[in-house]
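Naming: A, B, ... by sequence-line order, numbering from 1 per chain.
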Amino acid sequence: MVQNMLMNLLHIFIFPGLLFVTVIGVLMTGIDRKLVARMQKRVGPPIVQGFYDFFKLMGKESIVPEAANKPAFLAAPIIGYVSLVVMVLFIPMFSFSVYSGTADMIVLIYLLTIPGVALIVGGTASGNPYAGVGASREMVAMIGYELPLILSVLAVCRKVGGSAMTFSLNEIVNWQAANGCALFQWALIPAALAFLLVIPGEVGTQPFDVAEAETEILEGPLIEYSGAPLAMFKLNTALKMFIMPAMFVALFLGGVHTGNVVLDVVLFILLTGLVSFITMTVPHAIAARFKVERLFKFYWTLVAALGLVSLVLVWFGL
Amino acid sequence: MSYIHFPVIAVMGQFLAAFLVAIFGSKSRKASQAITLIASACAFVLVCLLIKPVALDGQIISYWMGNWEPVSGYAIGIGYEMDALGLFFAVLVSFIILMSAIYSLRYLEHDEAVDRYYTLFLMLSGSLLGLVMTGDLFNMFIMIEIMTFSAVGLTAFRNYIPEALEAAMKYLVIGSVGSSMTLAGVALLYAQTHTLNMAQVAAKIGAMQASGGLTPTVVFAFGLMFVGFGIKSFMFPFHTPVADAHPVAPTSFSMVFSTMVIKAGVYGLIRIAYIVFQVMDKSSVQILITAFGCVTMFLGVTMALAQHDFKRLLAFHSISQIGYIITALGLGTALGLTGSLFHVMNHTLFKALLFMCAGAVLHMTGSKNLDELGGLSKKMPHTTICFLIAAFSIAGIPPFNGFASKWMIYQATYEKAVESGNFFYALVTVVAVVVSVLTLASFIKVTMSVFFGQLPEKYKDAKEAPASMLIPMWITAILCLGTGVLYQLVDRTLTAPAVAASLTPANYVDKMMGSGYAASFSVKDAVATAVQHMSYWNPVLWLTLLVIVMLGVFIVILSGDNERGPVLKTKEPVADGKYATFFSGEKYRHSHMGGSDLFWGFKHDMKPYFDFIEEKHSGVLTDYTLWTIVAMAVIVVYTFVFVK
C-alpha cells in the first residue's frame, strides 16, 4: 500500500511527471533555439538557456495590473501547467505506461485544450486590449486545428479498432506492437501528415504563432504577465513542445519492442525529439508567420482534407 | 400516505397554487411569492421522495384518475404513469422551478403585476410536471397546450416592450402549428387503435410491428407527432421563436424556458419514439432524428457566434445543445440514450446558470449588449465565477459536467458508426467535436466582453447581485461541478434507471394494463442492449491527480522567492505607473474589445456562410412558418417512404 503510494508519487512528481517533463521540455526549447540559430547562421543561446530564463523570471517581481481579475490572472498559468503534467502520465512510452487502460484519446484531446483555454482566460483577465486580440486569435487557431486533429485521431482509432470501437491510446500502442507502426499503413499516411501539421499550431511556434506574434501584438495574451506567472506560461509552451510530438509518436510510431523499458523510454524521447525537429524547428527557421485568416483556412481546407482522406480510406477498409 | 399519490399531488398542487395566486396575489406581492415558493418547494420534495421507489427500486407508479380502471382490457379513464424516465424529467423540472422561483424574488422587483407572472409560472410548472407524468396521449396534448400558452404569456410578460409582443406572436404561431400536428397525430392514433392510453397504444403498435409492420396511418401519426414534439423542442428548422423570445422574456422565465420547456419536447420525442411507437430500432428513423439533431447543433452554434446580445446568444446555444441531445437520442443505442439524458440534465443545470448570470448582469447594469459591457469581474465576482463554471461546463472542459456527457455522445456516435458501418455517424462525431470547440469560442467571447477587459465609465457603480439571486446560482454551479465529477453516482440514481425504462416498453405496458398484457400483444422487451459502462473516463481519479499535482506546483512556487511574492497589492493609480494596463500610446477609450470584434479570422473565412444564415433568419414570421410547413412535409414524406 505504502509502496504503491510512493510509486504513484514518484510517477507524478519525478518520472514521467512534473520534474522529468519540465526538464525535458525546457531542454527541447533550448535545442530548438540553438538549431534555429545555427540554421540562420547565428551562434544562438546555450542549450540550457531555458533554465536560465526560468530562474531569472522566478526571481523577478510579479505585477498584477490594476484592471486585471487577480484570481483568474494568477491561476490560469498554473492550471494550464497542471493539466499538461497530468496528460504526460497518460501517454504510454512504448512498453512503459503509468496508468494503463485510462488513456482515452478524447479525454487527452480535451485536456490538451485546457492550456489554450488557460492562456485565453489569463490573457483576457489581464484587461489589456492586445491580450484580447491575442486571445481571440488563439481561439481562431484552436477552432482551426481541432477539426484536422479529431479527423486524424478518428482515422487511427478506426484502423486499430476494426469492427470494435476503441479510443484507448494503450490499445493503439499495443496494436502497433503487434502489427507495426501505424505510420506504415499507407491509408494512415495522410492522417499522420495532418497530425504533424497540427503539432506546431497546437504548440504555437512559428509560423503558427499568431496568438503571441511579438512583432504585431506584443506577445498577445502574455503582454501583462511578468515574473513567476510568465515563467509558468513559458513552461507551458515548453511542455507542449514535448507532449504534442510524444502523442504523435504514441499514435503513429508506437509499439517498439526492445525488451528493455529504459531503452524504450530513451528511444521514445529520441523519436519525440526528431518529430519536434521536423515539425517545429525547421518551419521556425524557414517560414514567416501566417496571417490569422490564412492559418484558419489552411487548417480547414488542406489539413482537414488530409485527415478526411485518411478517415475515408480507413473506413472503406483500405 | 402512500407514495403513489405523490405525482398527482405534485401536479395538482401547482395548478391549485396558480389559482390561489390569481385570487390572492393581486393584493400583495408577498402573498404571490410565498404561495409560489411553497408550492414549488412542495413539488420538489414530493418528486425527490419518489427517487427511491421509482428509480432505485425500479417500480412504476400507475394511477387511474377517479379510479376509472380499464374495463375488459380497454383503458377508458385518464391514467397517470410515472416510470424512471418521467421521474428523471420531473426531478429536473421541479428543481429548476424552485431555483427560478427563488431567483425571481428580487429579479422582478421593478415589475408591476407580478401575480400574473406567478399565475402563469405555476401553470407552466404544473403542466410540465403533468406532461412527464401522464400516461394518456390526449392528456399529454392538453399539458403541452397549457405549457405553450403559459410560455407565450410569460414571454410577453413585459408587454411594454414591442419586441416582447412580437416574440410572443412568433412563438404562438409556430407553437400552435406544433400543437396541431401533435393533435392530428393523436387523433390518427385514436382512429387506428381506439384508445388514448399510451400503454395500450404501445401494446397495439407492438402487435402491429410483430405482424407485418406499421400501417400507413400509424406511420403518418408518427411523422406528425415527431414534427409536433420537434417544434416543442425547437430543433432545426423550428428553432426560430426561441431566439426572439429569450432576449425579451424575464430571465427567471428564460431559464425555465430554455431548460425545461424545450426539454418537454425532448421528453415527448423519447416517449413516443422509444415507448409508444417503438421505432428506434429502425435505421431510417435513427438517421432521420440524428440528421436533424446534427444540423441543429451546428446551425445553433454558428448563429450564436454571430450574436452580440447576451441572451440571444444563450438562446442559440440552447438550440445547439438540444441538437446534441437529439443527435444522441436518435442513435437508438443504450449508450446514446444515456449520453442524451445525461446531457439533458447537464444542459438544464448549466444553461439555467448561464441565464441566471445573464439576468444578474442585466438586472445590475441594465444592459445585455456584448459590445457595451466589460470588466464586470471586479464588480461582480460571484457572478463571474458562476459564469466561468457554467461556460466551462457547456464548452465541455474536464472535469465539469458538460464534458462527461459530450464525451459519452462522441463515444456513442462513433460506436454507432463502427457498428453500423455507416460513415454518416462518423461525420456526426466530427461535427459534434467541432461544435464543442465553437461553443467554447462563443463563451470565451462572452467572458471576454462582459466580465473581463476594461470597465466602461457608465458601469462604475455596478454592484454584485443580491443574495436571493446568488443562492440559486451557487447551488446550480456546485451541481455543475458535482455531477461532472460524480457522474457515476448520478448515472446510478437517475440516468441509468431512466434509460432502462425507455428501453423496456413492455414493463411500461404491463404496469398500466395488468401483467401479461404486453406479452399478449408481443411488445418488444428491450429495444436496445444494456448500458455499457465507461471504462476510460474516471473523473475522480483525474481530479485527484490534478489536485496532487497542483499542490506540488504550489509548494514549488511558495518555497521560491517569497519576499517579493507572486501576489502583490496594487497601490498606484490606473492612469500611469507600473500597475496600469499597457496601451502602447493608444487612447484609453479605444481600448475595449467588444463582443463583435472577436474571432476576426474565423468570421472572415466563413463570411459567405454567416451571410447566408443571417439572411435566412429574416425575422419574418411568414418565412418561419413556411420553413415549419416545408420541414413537416419533408419529414412526413420521409417517414412514408422509408419507415416501414
In sequence, state the C-alpha distance, the side-chain angles, and the governing distance for B:Leu440 and A:Met142, and then conclude on side chain to side chain contact (heavy atoms under 4.5 Å, CB included). CA-CA 10 Å; B:Leu440 176 65; A:Met142 203 190 267; 3.8 Å; yes
Under the side chain to side chain contact (heavy atoms under 4.5 Å, CB included) test, residues paired with B:Leu305 that sit two or more places apart: B:Leu438, B:Ala441, B:Ser442, B:Phe599, B:Phe602, B:Phe610
Quick one: which of A:Thr113, A:Leu311, A:Leu295 has the most heavy-atom pairs under 4.5 Å with chain B, could you say? A:Leu311
Heavy-atom closest contact (A:Val117 atom, B:Phe392 atom, distance): CG1-CE2, 3.7 Å
Within the supplied structure, the quantity of interest is the number of heavy atoms (other residues, nucleotides, ligands) at a distance under 6.0 Å from A:Arg294 CZ; does it exceed 12? no
Could you give the distance from OG (A:Ser136) to NZ (B:Lys445), rounded to the nearest 0.5 Å? 10.5 Å
dist A:Ile120:CD1 -> B:Phe443:CZ (nearest 0.5 Å) comes out at 14.5 Å
So do the side chains of A:Val121 and B:Thr447 get within less than 4.5 Å of each other, counting heavy atoms only? no
Rounded to the nearest 0.5 Å, what's the gap from CG on A:Leu308 to CG on B:Leu427? Could you check? 7.0 Å
With a 4.5 Å heavy-atom cut-off, do B:Phe403 and A:Leu111 have their side chains touching? no
Side chain, backbone, both or neither: which part of B:Leu388 has a heavy atom under 4.5 Å from chain A? neither
Contact class of B:Phe451 relative to chain A, heavy atoms under 4.5 angstrom: neither
What distance do A:Ile109 atom CD1 and B:Trp407 atom CH2 have between them, rounded to the nearest 0.5 Å? 12.5 Å
Passes side chain to side chain contact (heavy atoms under 4.5 Å, CB included), B:Tyr410 versus A:Ile150? Steps please. CA-CA 11 Å; B:Tyr410 305 147; A:Ile150 194 74; over 6 Å; no
Residues at least two apart in sequence or cross-chain that pass ring pair (Phe, Tyr, Trp, His ring centres under 6.0 Å) with B:Phe423, listed by chain then number, are A:Trp315
From B:Met448 atom CE to A:Met139 atom CE, the distance as rounded to the nearest 0.5 Å: 11.0 Å
Is a donor on one side and an acceptor on the other found under 3.5 Å between the side chain of A:Tyr110 and the backbone of B:Gly396? no
What part of A:Leu154 gets closer than 4.5 Å to chain B, counting heavy atoms only: side chain, backbone, both or neither? both
Which bit of B:Ala417 is near chain A, if near means a heavy-atom gap under 4.5 Å: side chain, backbone, both or neither? both
Measure distances from A:Ile143 to the heavy atoms of chain B and classify the residue's part below 4.5 Å as side chain, backbone, both or neither. both
Got B:Val434 and A:Glu146 here, is their nearest side-chain heavy-atom distance under 4.5 Å? no
